[in-house]
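For reference, the structure discussed in these notes is given below.
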Number of protein chains: 2
Amino acid sequence: MSKDLPLLATAPVVRRDAARNREALLQAAAELIEACGVDDLTTEAVAARAGVGKGTVFRRFGSREGLMAALLNHREEEWQASVISGPPPLGPGAPPMERLLAFGTSRLRHHREQAALIEAAGSTWGENYAVLGFVSLHVRTLLSQLGVRGDLAYLATALVAPLGVPVLRQQIEHGGMSEEQVVAGWTDLARRVVRGAD
Amino acid sequence: MSKDLPLLATAPVVRRDAARNREALLQAAAELIEACGVDDLTTEAVAARAGVGKGTVFRRFGSREGLMAALLNHREEEWQASVISGPPPLGPGAPPMERLLAFGTSRLRHHREQAALIEAAGSTWGENYAVLGFVSLHVRTLLSQLGVRGDLAYLATALVAPLGVPVLRQQIEHGGMSEEQVVAGWTDLARRVVRGAD
DNA sequence: AATGAAAGCGGACCACGGTCCGTTTCGACC
DNA sequence: GGTCGAAACGGACCGTGGTCCGCTTTCATT
C-alpha cells in the first residue's frame, strides 16, 4: 500500500511515552494540589513527582497555566456532560426557562468549586475556546427557545459574565452577599433579560 | 504646643524623598511603557531609569501589579471626575437612563483603552475597592433613580460585569463583534434590566 | 532484527519578580 | 547646628517559570 496522503486524515499519532508522561504529570499535579494547595504548586515539584524533567511539563502543557487548564478540563467535561445528557432541569427535558435558571445555579456552583484552579489557569482558561463557546452557545440556544429577540450572542455572554470567578468573589467575599443572594440575583437578571425590552 | 493626639487627625507625613521617588518611578514606568509596551516592562528597568534601587519599587508599590495599578489610578480618577462633574449625559444633568447608557459606552471605551494596563495590574486592580465600589455605586444610584426594583446591588454588578476586559476581548477579538455591536448589545441589556421583571 | 529520522526528553541555564538587612537619609525636637 | 529614632534606600540574593540543545526513545519500514 502507498503511504497515507499527508494532508488528509492526519492521524495525530501520539507517542506512547508522551501519553504516559502526560498522564503521570496530570496525576502528580492533582496529588500535589491535594497535598499543598494550588498556590504552592511548582512545576519542578510536579515534574519530579512524575519522574520526568521539567522541560517535559512545558513541552506537554506549554506553561504552568496550561497544566492547570488541563486539570480543569476534566471537571469541565463532566459538567458539560451533565448539561448535554444529565437529568433535568439542568439536562434536556425541562422547559427552557427552568433549564436556564438551573444553568445559572449550576454554573455558579461549578465556578465556586473550581475557583482556585480557574484563577491559577488564568488567561489560558479564559481564552479557552471550547469552554466559552459551549457555555455561551448553550445559553444562546435556550434564549432562542424562549423566543427572546435581539442580539442573542451578546445577551448570552452578558448573562454568563456575572458568573465569572472574580465577580463572584467580589460579591461574596467582599460585598457580603450570600451565595443564595447571588443565585437569586442572577435568576432575577435572567428573567429580566428574557422578558425583553422591545 | 503639645504633641498631636496620636489617634486623631493622624498626619500621614510622607517623607520628601519617598514622595519624590514615587513620582520618579511612576514617570519612569510611563516612559518605558511608551517605549517598549507594558509586557516588556521590568521592575529593574523602571528602578534603573528612576535612579533608585529595585527594592524601592516594591516598598512603594508592593508589587509589579501594584505599580501598574498606580499608573491606572491616574486615568481612573480622570474618568471618575467626568462622571461626577463632567458634562452630560455622562456627568450629572441628563435623565438617568441617558446617563446609564452613556456610562456603559464610556466605561467600555475606557476599558478598551486601558486594557493592557488593566490586565497587567491583574487582581490588584480587580480587587481595587475604590474603583469597583465607585462604579457599581454609580450604577446602583442610577437604577434607583429609574425606579428599578429588586436587588439593586446585584443588578449593578451584573451590568458592570459584561464590561470587563476579558469579556470584551472575547467578544471583539474572538467572537467577531464590532465595538458598536457591543455597545448596542449592552444598551439592550440595560433597557431589559431597567424594564424589569415583576 | 536492523535502520533511520522524527518526536520526545532532561536538566543546566536564564530572566524576572520579590525579599532581606545593613546602611543612609530625613526631619522633629532640643 | 546637633542628636536621635524612624523611615527609606539599595542591591545582593533567592525561588520559580520558562527556554534551549545535545542525547535518547519510539516506531514505521524493510
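Every value quoted in this text rests on a predicted model; they were computed, and no experiment measured them.
Annotation: proximity of residues 60-68 of chain A to DNA chain D (heavy atom, distance under 4.0 Å) is found for Ser63(A), Arg64(A), numbered in ascending order.
For Arg15(B) against dA8(D), no side-chain N or O and base N or O form a donor-acceptor pair under 3.5 Å.
In this structure, CE in Met68(B) is found 12.5 Å from CD1 in Ile118(B), a value given to the nearest 0.5 Å. Atoms CD and CH2, from Glu113(A) and Trp79(A) in turn, are 12.0 Å apart once rounded to the nearest 0.5 Å. Note that the CZ atom of Arg60(A) and the CG atom of Leu67(A) stand 12.5 Å from one another [nearest 0.5 Å]. Annotation: the span from Glu65(A) atom CD to Trp125(A) atom CH2 amounts to 13.0 Å, rounded to 0.5 Å.
Sequence order on DNA chain C of the closest nucleotides to Asp17(B) and Asp17(A) puts Asp17(A) first from the 5' end. Residues Thr42(B) and Arg20(B) both approach DNA chain C. Their nearest nucleotides, taken by heavy-atom distance, put Thr42(B) toward the 5′ side.
As a whole-Å value, the separation of Leu25(A) CG from dG17(D) P is 14 Å. Protein atom CG of Asp40(B) is 11 Å distant from nucleotide atom P of dG17(C), rounded to whole Å. Rounded to a whole Å, the CZ atom of Arg22(A) is 18 Å from the P atom of dA7(C).
Residues His138(B) and Gln80(B) have side chains that never bring a donor and an acceptor to within less than 3.5 angstrom of each other.
With hydrogens and angles ignored, the 3.5 Å screen pairs a side-chain donor or acceptor of His111(A) with a backbone N or O of Leu163(A).
Distances shown here put a side-chain N or O of Arg16(A) below 4.0 Å from the OP1 or OP2 atom of dC27(D). A sub-4.0 Å separation between OP1 or OP2 of dG17(D) and a side-chain N or O of Thr43(A) is present.
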Collect all protein-nucleotide pairs involving nucleotides 10-14 of chain D in which both atoms are nitrogen or oxygen and the distance is under 3.5 Å.
{"from": "dG10(D)", "atom 1": "OP2", "to": "Gly53(B)", "atom 2": "N", "distance (Å)": "2.8"}
{"from": "dG10(D)", "atom 1": "OP2", "to": "Thr56(B)", "atom 2": "OG1", "distance (Å)": "3.1"}
{"from": "dG11(D)", "atom 1": "O6", "to": "Gly55(B)", "atom 2": "N", "distance (Å)": "3.4"}

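The two residues Val193(A) and Val148(A) make their nearest non-hydrogen contact at O-CG1, 4.3 Å.
When the shell of 6.0 Å around CD of Glu173(A) is examined, it contains more than 12 heavy atoms from other residues, nucleotides or ligands. Residue Glu44(B) places its CD atom among 12 or fewer non-hydrogen atoms of other residues, nucleotides or ligands, all under 6.0 Å distant.
For Phe58(A), counting side-chain heavy atoms from C-beta on, the closest listed nucleotide (dG17(C), dT25(C), dG17(D)) is dG17(D).
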